[in-house]
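Reading through the structure tokens given below for one structure.
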Number of protein chains: 2
Amino acid sequence: MTSDVHASHAVSLKKNQKLVHDVLMTAENPLSAYSILDLLREEGFRAPLQVYRALDKLVEFGLVHKLESLNAFVACSHQECSHEEPAVFMICNQCESVRELGDTGLDNHLGKLAKKQDFALKHTTVELHGQCSKCT
Amino acid sequence: MTSDVHASHAVSLKKNQKLVHDVLMTAENPLSAYSILDLLREEGFRAPLQVYRALDKLVEFGLVHKLESLNAFVACSHQECSHEEPAVFMICNQCESVRELGDTGLDNHLGKLAKKQDFALKHTTVELHGQCSKCT
DNA sequence: AAATGAAATGTAATAACATAACATTTTTCA
DNA sequence: TGAAAAATGTTATGTTATTACATTTCATTT
């Protein structure tokens, strides 16, 4: 069993990772770790660590993103890609829906900004809060 | 006593707000609410709410920012300005130092992106993690 | 100055988010 | 097949944040 992380098709998930990923893929909105735990009690989950460990791996694989401003998690919406690109999240304060967008222009901009400051950029968190089109 | 919020010079802080703000102004790095609590026990602080309530106000005034990816707080580094502009935070994973930068180009970019998606943008969280110049 | 209402504060309890530590099982691969 | 690495199970604990309720401070109006 290979685990070609970041190669889209080739990540083979363990049991708990699969369960957590499935829950997030199915969910309409971001879920907290404890919500996931509750949703998976029927599947035998008993403790937060089972969720957090799976989430750690899924985030590492790029299959799940953590929304820092919500302490919640979403499945990556780029189904058939490498899950490598930084992203922007638009989070509706009203309906809690999240839209994930890639934006190479933004990535370039942030890259330049970091370079200008001699900052070795490793990870970007870009989360926009407001009201989505449906809610206005 | 006036409270011209967002008018740089004219915010007059209450006792607890002043204490919390002073601690953050003095600190080299971001502080968690509970670190602030510990630093203010000598001043009579006994409970987290005393810190969180002060922080809420200070954030509202634009004098303090919350770093969502750290669950920690920093004083706004724009001493003599309106504290209104969105900002980028560069956070060193090694020394935990934070540099706050204004970037109107970025703000424009994010504004356009939101507009394109019919998203009524209220607040932006942009936090860059990596290694600062001193640590490389 | 007394009355009023809004904002700020004090305190205890609890909720929500996350990790440490240790034992065991499963998977990988030489 | 046997050793090492990864994943899992479980308990306890650590960390971050809020609810609920009582009291005090402070600006304003009369």
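To find a chain, count down the sequence lines: A is the first, B the second, and so on, and within it residues start at 1.
Side-chain polar atoms of Q131(B) and T136(B) form no donor-acceptor pair below 3.5 angstrom. A side-chain N or O of D103(B) and one of H109(A) form a donor-acceptor pair less than 3.5 Å apart. In this model, a donor atom of one side chain and an acceptor atom of the other lie less than 3.5 Å apart for H129(B) and S69(B).
Note: the hydrophobic cluster containing L58(B) also contains L37(B) (ILVMFWY, side chain heavy atoms under 4.5 Å, direct or indirect links). Tracing side-chain contacts under 4.5 Å through hydrophobic residues (I, L, V, M, F, W, Y), one reaches V23(A) starting from L63(A); they form part of the same cluster. Both L121(A) and V126(B) are members of a single hydrophobic cluster when ILVMFWY side chains are connected at heavy-atom separations under 4.5 Å.
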* To do: Would you give a per-nucleotide map of nucleotides 10-16 of chain D, 5' to 3', where B means the base has a protein non-hydrogen atom under 4.0 Å away, S means only the sugar-phosphate does, and - means neither?
  => BB----B

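The distance between atom CG of L67(A) and atom C1' of dC17(C), rounded to the nearest whole Å, is 15 Å. Computed from coordinates, the K14(B) NZ to dT24(D) P distance equals 18 Å when rounded to whole Å. Rounded to whole Å, the distance from NZ on K15(B) to C1' on dG10(C) is 10 Å. Distance, L55(A) CG to dT8(D) C1': 15 Å, rounded to whole Å. Spacing between atom CG of N16(B) and atom C1' of dG10(C) amounts to 9 Å, rounded to whole angstrom units. Spacing between atom CZ of F45(B) and atom C1' of dG10(C) amounts to 11 Å, rounded to whole angstrom units. We find that CG of L37(B) is positioned 15 Å from P of dT18(D), with the value rounded to whole Å.
For the helix from dA1(C)-dT30(D) to dA30(C)-dT1(D), the terminal axes (five pairs an end, C1' atoms, rotation from four pairs onto the next four) enclose an angle of 40°, given to 10 degrees.
Each of K57(B) and A72(A) was assigned the nucleotide of DNA chain C with the nearest heavy atom; the assignment lying further toward the 5' end belongs to K57(B).
When the options L19(A), L31(A), L39(A) are evaluated for a side-chain contact (heavy atoms from CB on, under 4.5 Å) with L24(A), the one that passes is L31(A).
Ring centroid separation for the pair H65(A) and F73(A) does not come in under the 6.0 Å cut-off.
Between the side chain of E43(B) and the backbone N or O of L40(B) there is no donor-acceptor pair closer than 3.5 Å.
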